[in-house]
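Read the numbers this way: they start at 1 and go in the same order the structure lists the ligands and their atoms.
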Amino acid sequence: MVTGGAGFIGSAVCRHLVGTGSYRVVNLDKLTYAGNLTSLRDLEGHPNYVFRHADICDTDKVRQILADEQVDLVMHLAAESHVDRSIDGPMAFVTTNVVGTASLLSAVLDHWRGLGEDARKRFRFHHVSTDEVFGDLPFDSGVFTEESPYKPSSPYSASKAASDHFVRAWHETYGLPVVLSNCSNNYGPYHFPEKLIPLVIANALDEQPLPVYGKGANIRDWLFVEDHARALETVMTRGRVGDSYNIGGRAERTNLEVVETICALLDARRPRASGRSHLDLITYVTDRPGHDRRYAIDPTKSERELGWTPLETFETGLARTVDWYLANGWWWRPIREQRFDGSRQGLVGAK
Ligand code: NAD
Ligand code: DAU
């Protein structure tokens with residue numbers, strides 16, 4: 001079972017797992033503003049894929065689905081995922097990411113206890129988490145390892161930190177076989193156009209300003225989503241029970257570098273009618289409150305213990321991403337028109 005399988009990373013995970021031919025995937029999703037079944041168009045009607053509409057907070061319904069579908073592995077991705085939305089409305093993050101994860105763990109524990117001995121041993125609950133739980137790093141030193149202390153800054157990262165702790169508590173207290181992974185910033189196809197990379201691509205194609213928070217000096221560590229999906233399968237199948245694994249692509253870039261690279265790709269592929277560069281659309285806007293300066297993942301443990309490495313560099317992955325958005329307006333244009341128009345989020349109620 002993949003929770004949040006209609007989201008950005010979850011849909012990549014569903015496509016990857018079904019594509020291996022080794023799994024039957026049950027996608028459990030509430031279909032919030034961020035959930036989109038058109039991202040799974042290629043899997044519709046596939047014998048090894050089924051969608052179940054449910055909220056992870058609904059423990060009874062989840063318990064029933066776990067039994068009906070005879071689930072033997074759970075990958076938990078369902079979450080409220082956008083930092084700026086968590087500044088405007090933190091309670092939805094507490095409800096889904098904290099209460100929802102604890103509710104899901106309760107249903108999964110009941111299900112696990114009812115399995116036969118062999119199935120109980122093979123069972124895994126994999127919590128898909130974020131590097132943001134570790135807080136921020138100085139611009140010029142340090143990396144996040146699995147031993148880094150938790151120091152979340154935003155309501156989003158605080159809710160993910162809490163959910164990590166609940167997952168570990170269900171392992172230590174009840175013996176549920178869990179694994180955790182903490183990943184850096186993902187990008188790629190089917191990314192909801194409120195996040196930096198798809199927002200900038202969509203705005204550039206619509207001749208809209210490209211909003212860069214502060215001076216654009218903040219650093220994120222980028223990973224192509226399909227590399228993350230492969231990593232998650234590896235963690236679930238080969239990770240040590242009770243352990244966590246950091247996942248990242250050793251691809252630190254300032255936000256300004258990211259935006260400038262997108263502009264250069266678009267200048268080459270879709271020149272503006274005016275003949276001017278897309279760089280002219282860059283606009284510096286009010287910074288994000290509590291903006292973490294830098295994230296940097298040390299993925300040595302995942303590389304050494306699991307044998308995982310990314311296939312894409314930031315340059316090849318970003319070129320693939322820009323090409324995908326150019327070719328797939330059918331996916332993102334209706335979202336811009338009906339769900340989110342690209343306006344600024346994350347300033348309401350901030351200090
Ligand atoms: P997303 O916002 O694109 O998708 C979230 C999905 O969860 C949506 O399909 C939504 O409908 C579903 N969902 C939300 N609340 C639900 C509920 N109560 N019950 C059932 N389904 C619900 O998120 P994403 O970017 O794909 O992230 C997936 C997971 O990976 C999250 O847990 C996130 O914290 C984590 N993560 C994301 C990144 C990243 O860069 N995007 C990096 C590291 C970790
Ligand atoms: O690090 C992993 C995290 O990455 C995940 O856990 C989150 O779910 C995911 O949303 C992402 O969080 P970020 O806050 O890093 O992603 P976002 O795309 O919102 O912002 C990336 C950087 O770009 C950040 O420094 C803020 C900046 N930014 C963002 C937007 C939306 C801008 O400068 N302009 C923008 O318009």
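In terms of protein heavy-atom proximity, atom 20 (C) of ligand 1 is nearest to Lys30 N, 3.2 Å. From the protein, the heavy atom lying nearest to atom 2 (O) of ligand 1 is Ser81 OG, 2.7 Å. Atom 18 (N) of ligand 1 has its closest protein heavy atom at Asp55 OD1, 2.9 Å. In terms of protein heavy atoms, atom 36 (N) of ligand 1 is closest to Ile9 CD1, 3.9 Å. Of all protein heavy atoms, the one lying nearest to atom 40 (O) of ligand 1 is Asn186 N, 2.9 Å. The single protein non-hydrogen atom nearest to atom 43 (C) of ligand 1 is Cys183 O, 3.4 Å, given as residue, atom name and distance. Of the protein's non-hydrogen atoms, Leu77 O, 3.2 Å is the one closest to atom 29 (C) of ligand 1.
Ligand-side atoms of ligand 2 in range of Thr130: 1 (O), 2 (C), 3 (C), 5 (C), 6 (O), range being under 4.0 angstrom from any heavy atom. Below 4.0 Å from some heavy atom of Asp131 lie the following atoms of ligand 2, by number and element: 1 (O), 2 (C). The atoms of ligand 1 that sit less than 4.0 Å from any heavy atom of Asn185 are 40 (O). Taking a cut-off of under 4.0 Å to the non-hydrogen atoms of Ser81, the atoms of ligand 2 that pass are 7 (C), 8 (O), 9 (C), 10 (O). For ligand 2, the atoms closer than 4.0 angstrom to any heavy atom of Tyr156 are 5 (C), 6 (O), 7 (C), 8 (O). Heavy-atom proximity to Lys160, at under 4.0 Å, picks out these atoms of ligand 1: 31 (C), 32 (O), 33 (C), 34 (O). Close approach to Ala6 involves these atoms of ligand 1, each under 4.0 Å from a residue heavy atom: 9 (O). For ligand 1 and Gly35, the ligand atoms under 4.0 Å from any heavy atom of the residue are 8 (C), 9 (O), 11 (O). Atoms of ligand 1 lying under 4.0 Å from any heavy atom of Tyr156, numbered from 1 in the order shown and given with element: 33 (C), 34 (O). Heavy-atom proximity to Tyr295, at under 4.0 Å, picks out these atoms of ligand 2: 1 (O). Taking every non-hydrogen atom of Leu199 and a distance limit under 4.0 Å, the qualifying atoms of ligand 2 come out as 36 (O). Listed by number with element, the atoms of ligand 2 under 4.0 Å from a non-hydrogen atom of His82 are 19 (O). Against a heavy-atom cut-off of under 4.0 Å, Ala79 is close to the following atoms of ligand 1: 5 (C), 7 (O), 14 (C), 31 (C), 32 (O).
Residue-to-ligand polar distances place Asp29 within reach of ligand 1: an N/O pair is separated by less than 3.5 Å. Looking at ligand 1, you'll find an N or O of Phe8 within less than 3.5 Å of one of its N or O atoms. Residue contacts with ligand 2: Pro211 is placed with a nitrogen or oxygen under 3.5 Å of a nitrogen or oxygen of the ligand (distance criterion only). Residue Cys57 places no N or O, backbone or side chain, under 3.5 Å from any N or O of ligand 1. The N/O atoms of Val212, backbone and side chain alike, include none that comes under 3.5 Å of an N/O atom in ligand 2. Ligand 1 has no nitrogen or oxygen under 3.5 angstrom from a nitrogen or oxygen of His228. Polar contact with ligand 2: absent for Asn218 (N/O pair, distance under 3.5 Å). The distance criterion of under 3.5 Å between nitrogen or oxygen atoms is not met by His76 with respect to ligand 1. Of the polar atoms of Trp222, none of the N or O atoms is found under 3.5 Å from an N or O of ligand 2, judged by distance alone. Of the N or O atoms in Leu28, none lie within a sub-3.5 Å distance of an N or O in ligand 1. Between Thr130 and ligand 1, no N or O atom pair is found at a separation short of 3.5 Å.
Side-chain atoms of Lys215 and Thr254 form no donor-acceptor pair, as typed in the model, at a separation below 3.5 Å. Side-chain polar atoms of Asp267 and Ser277 form a donor-acceptor pair below 3.5 angstrom. Side chains of Asn48 and Tyr23: no donor on one and acceptor on the other come within 3.5 Å.
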CA sep, side-chain torsions, deciding dist, call: Lys160, Glu132, salt bridge (charged side-chain N to carboxylate O under 4.0 Å, His left out):
CA-CA 8 Å; Lys160 291 296 291 188; Glu132 296 200 14; over 6 Å; no
Salt bridge (charged side-chain N to carboxylate O under 4.0 Å, His left out) for Glu117 and Lys121? Distances and angles first, verdict last.
CA-CA 6 Å; Glu117 200 184 328; Lys121 273 196 195 128; 3.6 Å; yes
Step-by-step salt bridge (charged side-chain N to carboxylate O under 4.0 Å, His left out) determination, Asp42 to Arg15:
CA-CA 8 Å; Asp42 296 351; Arg15 288 189 297 273; 5.9 Å; no
CA sep, side-chain torsions, deciding dist, call: Arg63, Asp60, salt bridge (charged side-chain N to carboxylate O under 4.0 Å, His left out):
CA-CA 5 Å; Arg63 200 184 282 116; Asp60 289 341; 2.8 Å; yes
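Checking side-chain atoms of Asp221 against main-chain N and O of Ala251 turns up a donor-acceptor pair under 3.5 Å. Between the side chain of Asp88 and the main chain of Val348, a donor-acceptor pair closer than 3.5 Å is present.
Residue contacts with ligand 1: Ala54 is included, with a non-hydrogen atom under 4.0 Å away. Heavy atoms of Thr96 approach ligand 1 to within less than 4.0 angstrom. Between Ser129 and ligand 1 there is a heavy-atom distance shorter than 4.0 Å. Residue contacts with ligand 2 leave out Gln345, since none of its heavy atoms falls under 4.0 Å from the ligand. Between Ser184 and ligand 1 there is a heavy-atom distance shorter than 4.0 Å. For His291, the closest heavy-atom approach to ligand 2 falls below 4.0 Å.
Only the side chain of Asn255 comes within contact range of ligand 2, with a heavy atom under 4.0 Å; no backbone atom does. The backbone and the side chain of Asn185 each have at least one atom closer than 4.0 Å to an atom of ligand 2 (non-hydrogen atoms only). Contact annotation: for Val285 versus ligand 2, there are no heavy atoms closer than 4.0 Å. For Lys195, heavy-atom contacts with ligand 2 shorter than 4.0 Å involve the backbone as well as the side chain. Looking at Glu194 against ligand 2, only its backbone comes within 4.0 Å, counting heavy atoms. For Lys160, no heavy-atom contact with ligand 2 is shorter than 4.0 Å.
Annotation: cation-pi geometry satisfied between Arg41 and Trp330 (NZ/CZ under 6.0 angstrom from ring centroid, within 45° of ring axis). Remark: Arg220 is not positioned above the aromatic ring of Tyr187, lacking an NZ or CZ atom under 6.0 angstrom from the ring centre and at most 45 degrees off the axis. Under a cutoff of 6.0 Å and an axis angle of 45°, Arg240 and Tyr245 do not form a cation-pi pair.
Of the candidates Arg288, Glu80, Arg85, it is Arg288 that places a heavy atom closest to atom 17 (P) of ligand 2.
Contact annotation: the side chain of Thr261 never approaches that of Arg253 to less than 4.5 Å [non-hydrogen atoms, C-beta and beyond].
The pair Arg269-Asp323 counts as a salt bridge, with a side-chain nitrogen and a carboxylate oxygen less than 4.0 angstrom apart. With salt bridges taken as basic N to acidic carboxylate O contacts below 4.0 Å, one links Arg288 and Asp84.
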